[in-house]
S.K.: 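Got a structure for you, written out below as structure tokens; questions coming shortly.
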Amino acid sequence: MPERDSAVRVVVVHPDLLGTYGDGGNGLILARRLQWRGLAVELIEAMSGTPVPASGDIYCLGGGEDAAQHRAAAELAEGNPLGQAVDNGAAVLAVCAGFQVLGRRYPSADGQVRDGLGLIDIDTRKGGGRRPVGELVVTPSPALGLPQLTGYENHGGLTTLGPDAQPLGRVDAGVGNGGGDGSEGAVVGRIFGTYMHGPVLARNPALADLILTSVVGELEALDDSEAELLRRERLEKVGTSRVTDRSRWTARLTSRRVSG
Amino acid sequence: MGRASRLAGRGGGGVIGGRVTLLVDPDALAHLARGRRSVLVSGTNGKTTTTRFLAAALATAGPTATNSGGANLPFGLVAALSSAPPGGLAALEVDEAYLGPVAAAVQPEVVCLLNLSRDQLDRINEVRLLAGRWRQALEAVAPAPADARGPTVVANADDPMVVWAASGADRVVWVGAGLSWRLDATGCPRCEGRIQFTDTDWSCGDCGLARPEPQVTVDEVALTDQAGRRHPFTLSLPGQCNRSNAAVAATAASLLGVDEAQALAAMEPVADVTGRYGVVRVGGVPARLLLSKNPAGWMEIFDFLRPPPSPVVVAINARIADGRDPSWLWDVPFERLAGRQVVATGERCRDLAVRLRYAEVDHVMVEDPVAAVAEARRFGDASQPVDVVANYTSFQGLRRAAADA
Ligand SMILES: [Zn+2]
């Protein structure tokens with residue numbers, strides 16, 4: 001067990017702007033996994049409109065709508081708290097819109113180019129075709145030592161990696177970055193970017209522990225048997241989905257909308 | 001046709017009939033609506049219950065067509081109208097994504113707008129976008145000659161998305177209907193600024209869009225109408241959200257000539273809305289079925305549940321009609337179920353089990369919903385029905401299981 005004299009600070013960045021797809025769960029998951037191992041944790045929800053603390057150990061950013069993404073990027077550019085924290089050794093998990101914002105450029109809904117925070121060497125442009133929506137399965141880059149990753153993607157932008165960014169992994173099913181090289185996400189130092197919702201750490205506890213150990217060092221194993229059942233189910237579902245494509249299409253044609 | 005539809009297992013008979021009619025005549029909805037006095041009801045949550053209330057109120061004044069089965073797409077509306085005699089009144093629930101085309105076809109006298117929040121994220125990915133489309137729809141149905149009457153909108157003053165949409169209409173009656181889930185309303189729909197909330201009020205810090213003073217309010221005892229008269233009422237359905245739904249329905253009914261007191265009296269005995277809230281037997285075990293399909297809906301459910309340590313069954317699917325992505329489970333404060341045993345069930349019970357683990361709520365996982373209800377009974381007072389909260393298709397499955405028993 002690593003020795004720390006203060007609580008680990010997990011900061012959920014702008015959950016009111018970047019929390020549309022349940023990604024706030026990532027912060028809770030990281031905090032609980034530290035707590036269950038006996039470490040002191042402070043889980044901070046940094047709402048928009050007030051400065052994001054630069055003193056966090058781990059930052060989580062999630063997906064959000066276009067206007068919310070723009071607002072979050074503008075607020076984070078002021079004083080650059082994320083950049084400061086990263087320079088001080090903090091880890092970052094950024095999903096979807098939050099991932100795009102960390103890069104050099106990202107698009108608005110109408111295709112306008114906007115400046116990102118430039119913390120990682122990625123570039124996102126507006127996708128031309130259909131929005132990638134569905135299960136995403138990824139074989140992680142071998143250096144990460146992780147098992148296959150599973151998530152749910154839902155994004156309009158297409159991301160290309162620059163020479164200073166490594167992919168999180170290679171797409172087995174789904175679209176991922178969509179830049180044509182079959183890559184998904186990005187890893188730069190302790191910054192992890194991905195298009196996987198779910199939330200991604202609910203389905204991939206090994207990724208949660210990789211992020212945690214990058215900050216607090218070695219950790220003992222937890223009982224992840226329930227997450228393992230979820231992972232297996234999701235991976236099997238995608239494995240068989242090609243066979244059942246036809247029946248799913250029929251289901252789509254006959255489905256009725258829901259009443260409230 | 002209605003019979004064939006039921007045999008085909010689609011439920012809510014008449015939908016196949018509706019589809020055939022619409023294929024033959026794309027203007028069927030407009031033709032069928034002509035000569036009727038119609039009210040449309042839309043919003044993420046509460047539209048089925050509000051429509052049911054409204055239909056009960058309007059029926060006191062004359063024959064009323066309604067899509068009571070919750071078939072709220074244009075097909076379902078055609079089916080509902082074609083099975084009713086021409087003329088008369090209509091109370092129609094409309095899917096929030098279809099309000100524009102339906103309003104253009106039906107030319108309603110009144111449109112009720114309840115709320116907008118995250119739901120089916122794989123299908124509707126921007127709540128603010130939807131609010132903008134509602135606004136355009138209401139501007140579009142404002143009639144061309146300036147002296148003609150467009151619809152009156154009965155709108156929830158507490159939801160910034162609804163207020164932005166409704167202020168595109170000629171005439172609005174604002175109802176203080178409450179908003180239990182605010183995370184989808186923090187970005188201003190008009191200017192991209194930030195909405196600031198207090199307990200009872202809201203406004204945009206940048207452009208000044210603000211909560212209009214409601215002309216109609218509702219509390220634990222009574223509805224206060226536009227003229228300031230108080231109408232005490234007691235519903236059979238539980239919860240403050242249903243009192244708000246009743247206030248919207250009563251206001252809409254009053255615009256069609258049914259006064260509030262008469263309207264509310266007709267709503268009081270409504271005890272079951274397409275199976276919701278009703279006690280049924282699932283696999284021989286008495287169970288109270290509650291529908292909740294998104295975070296905003298869950299905020300209201302917590303108040304309905306029997307207190308701890310009563311167990312609760314939570315059933316989650318993620319079919320097309322539910323939304324394929326159940327990650328909204330992480331937006332629901334399931335921590336509030338602590339002190340009970342939760343039985344996680346449905347096709348996505350594994351997602352729910354992982355969520356409950358991180359919420360530190362005791363739970364077991366039983367994938368089959370009928371077996372899950374039996375399991376829950378072991379944890380509670382066997383003389384009480386088991387509370388079962390299900391999202392859309394899992395709810396329909398449980399209703400079928402109850403009917404087959
Ligand atoms: Zn504004």
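By convention in this document, chain letters (A, B, ...) are assigned in the order of the sequence lines, proteins followed by strands, and residues within each chain are numbered from 1. Since we're looking at a predicted model, the values are computed, not measured.
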S.K.: Flag the pair B/Arg350 / A/Arg234 as yes when at least one side-chain heavy-atom distance between them is below 4.5 Å, and no otherwise.
M.R.: no

S.K.: Are there over 12 heavy-atom neighbours, none belonging to A/Asp115, within less than 6.0 Å of that residue's CG?
M.R.: no

S.K.: Between A/Ala68, A/Pro205, A/Ser48, which shows the greatest number of heavy-atom pairs under 4.5 Å with chain B?
M.R.: A/Ser48

S.K.: Report the residues that fulfil side-chain hydrogen bond (donor to acceptor under 3.5 Å, both in side chains) with B/Thr198, sequence neighbours left out, ordered by chain and then residue number.
M.R.: none

S.K.: Sub-3.5 Å donor-acceptor pair from the side chain of B/Ser327 to the main-chain atoms of A/Tyr21, do we have one?
M.R.: yes

S.K.: Check whether any side-chain heavy atom of B/Trp330 lies under 4.5 Å from a side-chain heavy atom of A/Asp23, and answer yes or no.
M.R.: no

S.K.: Tell me, side chain or backbone of A/Ala202 under 4.5 Å from chain B's heavy atoms, or both, or neither?
M.R.: both

S.K.: Taking atom CG of B/Asp351 and atom CG of A/Leu229, what is their separation to the nearest 0.5 Å?
M.R.: 11.5 Å

S.K.: Assess whether a salt bridge exists between B/Arg194 and A/Asp16, defined as any Lys/Arg side-chain N lying under 4.0 Å from an Asp/Glu carboxylate O.
M.R.: yes

S.K.: With only heavy atoms counted, which part of B/Arg355 is less than 4.5 Å from chain A, the side chain, the backbone, both or neither?
M.R.: side chain

S.K.: Please find the pair of heavy atoms, one from A/Arg32 and one from B/Tyr358, that lie closest to each other, and give the distance.
M.R.: NE-O, 2.6 Å

S.K.: So which residue, B/Cys188, B/Ala353, B/Gly205, B/Gly187, ends up with the most heavy-atom pairs under 4.5 Å with chain A?
M.R.: B/Ala353

S.K.: Minimum heavy-atom separation for A/Ala67 and B/Arg128, please, with both atom names.
M.R.: CB-NH1, 3.4 Å

S.K.: When you compare the side chain of B/Arg357 with that of A/Asp224, does any pair of heavy atoms fall below 4.5 Å?
M.R.: yes

S.K.: Which bit of A/Arg231 comes within less than 4.5 Å of chain B, counting heavy atoms only: side chain, backbone, both or neither?
M.R.: neither

S.K.: Is A/Glu135 paired with B/Arg324 through a side-chain N to carboxylate O contact shorter than 4.0 Å?
M.R.: no

S.K.: Output the distance between atom OG1 (B/Thr186) and atom NE2 (A/His14), rounded to the nearest 0.5 Å.
M.R.: 11.0 Å

S.K.: Does A/Glu65 use its side chain to pair, donor to acceptor, with the backbone of B/Val127 at less than 3.5 Å?
M.R.: yes

S.K.: Let me confirm one number: the OG1-CG distance from A/Thr20 to B/Asp184, rounded to the nearest 0.5 Å.
M.R.: 6.5 Å

S.K.: Using a 4.5 angstrom heavy-atom cutoff, name the option from A/Arg203, A/His197, A/Arg71 with the most pairs to chain B.
M.R.: A/Arg71

S.K.: Heavy-atom distances under 4.5 Å only: say whether B/Glu347 touches chain A with side chain, backbone, both or neither.
M.R.: backbone

